Novice: 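Dropping a structure here in structure tokens format, bear with me for questions.
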Amino acid sequence: MHAAAVEEGRAAELAAPLRDLLPPVDFCCAYGSTLLHACPDRTSMVDYILGVADPLQWHSENLERNPAHYSRWMGRFGSGAITGLADRVGVGVYFNPFVEWRDKRIKYGVVRMKDLAMDVLTWDRFYLSGRLQKPVHVLVDNWDIRKLNTINLEMATSASLLLLPEEFTEYDLYAQICSLSYMGDLRMLFAEDKDKVKKIVEGSFQSFQSMYRPLLQEYIAEGLLKRSSHGQQKTFQQDCSPSTTNELFSVLPWTIQRQMQGRYVFPGKEMPTRTVVSSKDMAANCVRRALRHRVMVSSARQAICGLLASGGAVAAQYLGKKMAKAWQSRAA
């Protein structure tokens, strides 16, 4: 009862900016390392993703309400420049970092609902889809995004099983799922905590279980996975036969499968056909290459977008904090 009351209070606290600060949104989730701790550091930022039907209209209203959230030059250019920068330079998300509000510091990213749904379903940019494969606090729910994200979780599980060995632990699976969206991320080279994946999984293990255990039970019922035990250690064994490998590969979005076909399929032209892979290693290499390329491109585009949006001083402040955390983790 006490735990439920604490969780309810935390959810209300996280939702306060939506209620008292920002224009209405169609979807919202909070995430970030701050939420992994029972007593978060007040100087740390809480991160939000805000899904809106029309970013142009939303930013126009927010510029009137909260002009200080934007850099001076983006505020002068207006909502058209803000959405244009997000769409043409970034990956459709515009972030306002270091927003001071009451006794909190928040960062929020605004994305068009249509773009959010497309990324979750197709991994075309593998940016927000990767974020929603990890535990988040959903503050404004959206039935369409919830439904699409069940597909996203199944695709993440299949991709991770292709990358994992025949035998693995439940922790190994969640660490692999968590790692998918960091493959090729340029920030991991110098501006992210080297233990980031470990901290996310250990800090959210029960949340990962609630997200993925129903899928694992389905895979066990279908014979794709078996439970086994070695003393205290509980492990899974997966079927690595060509038929199971192809079944897992067929679950992945066609944007990944088409890499194996060696061609691009354009809307209105040829529909993608099912790709057959000859081995698990071939499937794993395809997944690895495709995700590294997507994450590298998306992380670079979003970094450039953030630099242009916030200006040099704010960008340097954000990067400096990231790099300090990264070097602390490497020195530990």
Side-chain angles (χ1 to χ4, degrees), residues 117-134 147-185 197 208 211-228 235-267 269-298:
M118 184 63 71
D119 191 38
V120 168
L121 185 61
T122 69
W123 293 6
D124 61 339
R125 288 164 171 171
F126 204 60
Y127 191 73
L128 297 179
S129 48
R131 179 63 259 169
L132 291 179
Q133 290 165 2
K134 308 175 190 68
K147 187 177 179 183
L148 291 177
N149 204 47
T150 60
I151 301 171
N152 184 30
L153 299 187
E154 185 179 4
M155 294 189 297
T157 304
S158 294
S160 296
L161 289 175
L162 290 170
L163 294 168
L164 285 166
E166 182 177 357
E167 190 170 25
F168 56 90
T169 65
E170 191 173 8
Y171 176 92
D172 294 335
L173 175 62
Y174 300 150
Q176 183 61 70
I177 290 169
C178 189
S179 299
L180 294 178
S181 59
Y182 297 124
M183 289 182 175
D185 190 334
V197 169
F208 272 104
M211 289 172 73
Y212 287 99
R213 273 206 169 167
L215 273 172
L216 295 180
Q217 288 165 357
E218 282 183 31
Y219 280 47
I220 290 168
E222 292 168 8
L224 304 179
L225 286 179
K226 291 181 181 176
R227 291 184 189 274
S228 59
T235 61
F236 292 97
Q237 282 188 318
Q238 62 171 317
D239 180 357
C240 296
S241 66
S243 61
T244 298
T245 296
N246 276 284
E247 189 170 343
L248 291 173
F249 195 76
S250 70
V251 172
L252 302 181
W254 67 269
T255 54
I256 304 296
Q257 294 186 47
R258 72 184 179 187
Q259 302 255 307
M260 187 66 78
Q261 296 172 325
R263 68 178 190 273
Y264 285 92
V265 182
F266 295 98
K269 300 289 180 72
E270 185 181 359
M271 288 298 290
T273 56
R274 176 169 173 156
T275 306
V276 177
V277 290
S278 58
S279 70
K280 188 170 182 291
D281 284 343
M282 180 183 287
N285 286 334
C286 175
V287 170
R288 206 174 281 115
R289 276 197 314 272
L291 293 187
R292 277 180 180 160
H293 175 73
R294 272 169 177 69
V295 173
M296 183 171 63
V297 171
S298 292

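What you see is a predicted model; the values in this text were computed from it and never measured.
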Novice: Less than 4.5 Å apart, side chain to side chain, heavy atoms only: is that true for Phe126 and Arg292?
Specialist: no
Novice: Are any side-chain N or O atoms of Thr255 and backbone N or O atoms of Thr122, one a donor and one an acceptor, separated by less than 3.5 Å?
Specialist: yes
Novice: Under 4.5 Å between any side-chain heavy atoms of Ile151 and Glu154, yes or no?
Specialist: no
Novice: Any side-chain heavy atom of Leu161 within less than 4.5 Å of one from Leu225?
Specialist: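 Result yes, sub-4.5 Å side-chain heavy-atom pair found.
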Novice: Is it the case that the side chain of Ser298 and the backbone of Val295 share a donor-acceptor pair, with hydrogens and angles ignored and the cut-off at 3.5 Å?
Specialist: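 No, because the side chain of Ser298 does not come within donor-acceptor range (under 3.5 Å) of the backbone of Val295.
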Novice: Is a side-chain N or O of Gln238 found less than 3.5 angstrom from the main chain of Pro165, in a donor-acceptor match?
Specialist: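 Side chain of Gln238 to backbone of Pro165, a donor-acceptor pair under 3.5 Å: yes, one is there.
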Novice: Taking the side chain from Asp119 and the backbone from Tyr127, do they hold a donor-acceptor pair closer than 3.5 Å?
Specialist: yes
Novice: Identify the two heavy atoms, one from Arg213 and one from Tyr174, that lie closest to each other, and give their separation to 0.1 Å.
Specialist: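 Of all heavy-atom pairs spanning Arg213 and Tyr174, the closest is CG-OH, 3.9 Å.
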Novice: To the nearest 0.5 Å, tell me how far Arg131 CZ sits from Leu128 CG.
Specialist: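 It comes to 10.0 Å.
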Novice: Between Met155 and Val251, what is the shortest heavy-atom contact and its length?
Specialist: CG-O, 3.3 Å
Novice: Between Asn149 (side chain) and Leu132 (backbone), is there a donor-acceptor pair under 3.5 Å?
Specialist: yes
Novice: So, the side chain of Asn246 versus the backbone of Val277: is there a donor-acceptor pair under 3.5 Å, distance only?
Specialist: yes
Novice: Under 3.5 Å, side chain of Lys280 to main-chain N/O of Thr244, donor-acceptor pair present?
Specialist: no
Novice: To the nearest 0.5 Å, what is the distance between CG (Asn152) and OG (Ser129)?
Specialist: 5.5 Å
Novice: Please determine, by modelled atom types, if Asp281 and Ser279 share a side-chain donor-acceptor pair under 3.5 angstrom.
Specialist: no
Novice: For the residue pair Phe236 and Arg227, establish whether any side-chain heavy-atom pair is separated by less than 4.5 Å.
Specialist: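 Yes. Closest side-chain heavy atoms under 4.5 Å.
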Novice: Is any side-chain heavy atom of Leu291 closer than 4.5 Å to a side-chain heavy atom of Ile256?
Specialist: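 Yes, their side chains come closer than 4.5 Å.
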Novice: Taking all non-hydrogen atoms of both residues into account, name the closest pair between Ala175 and Val197 and its distance.
Specialist: O-CG1, 3.6 Å
Novice: Taking all atoms of both residues into account, what is the closest heavy-atom pair of Lys134 and Cys178, and its distance?
Specialist: CE-O, 3.4 Å
Novice: What's the shortest heavy-atom distance between Leu252 and Val287, and which atoms?
Specialist: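 Where Leu252 meets Val287 most closely, the heavy atoms are CD1-CG2, 3.5 Å.
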Novice: Got a second to check how far Leu148's CG is from Leu153's CG, nearest 0.5 Å?
Specialist: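 Atom-to-atom, Leu148:CG and Leu153:CG are 11.0 Å apart.
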Novice: About how many Å separate CD of Glu170 and OH of Tyr212, when rounded to the nearest 0.5 Å?
Specialist: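 Tyr212 atom OH to Glu170 atom CD measures 12.0 Å (nearest 0.5 Å).
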Novice: Does the side chain of Leu163 come within less than 4.5 Å of Met183's, by heavy atoms?
Specialist: yes
Novice: For a quick test of reading the model, state the closest non-hydrogen atom pair linking Gln237 to Ser228 and the distance between them.
Specialist: CG-OG, 4.0 Å
Novice: To the nearest 0.5 angstrom, please state how far the CD atom of Glu167 sits from the OG1 atom of Thr235.
Specialist: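 With rounding to 0.5 Å, CD (Glu167) is 4.0 Å from OG1 (Thr235).
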Novice: Going by heavy atoms in the side chains, are Ser158 and Phe249 under 4.5 Å from each other?
Specialist: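 Ser158 does not reach Phe249 side chain to side chain.
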Novice: For the pair Thr150 (side chain) and Lys147 (backbone), establish whether a donor and an acceptor sit closer than 3.5 Å, ignoring hydrogens and angles.
Specialist: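 Pair found, side chain donor or acceptor close to backbone of Lys147.
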Novice: About how many Å separate CG of Leu162 and OG1 of Thr245, when rounded to the nearest 0.5 Å?
Specialist: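 Interatomic distance, Thr245 OG1 to Leu162 CG, rounded to 0.5 Å: 6.5 Å.
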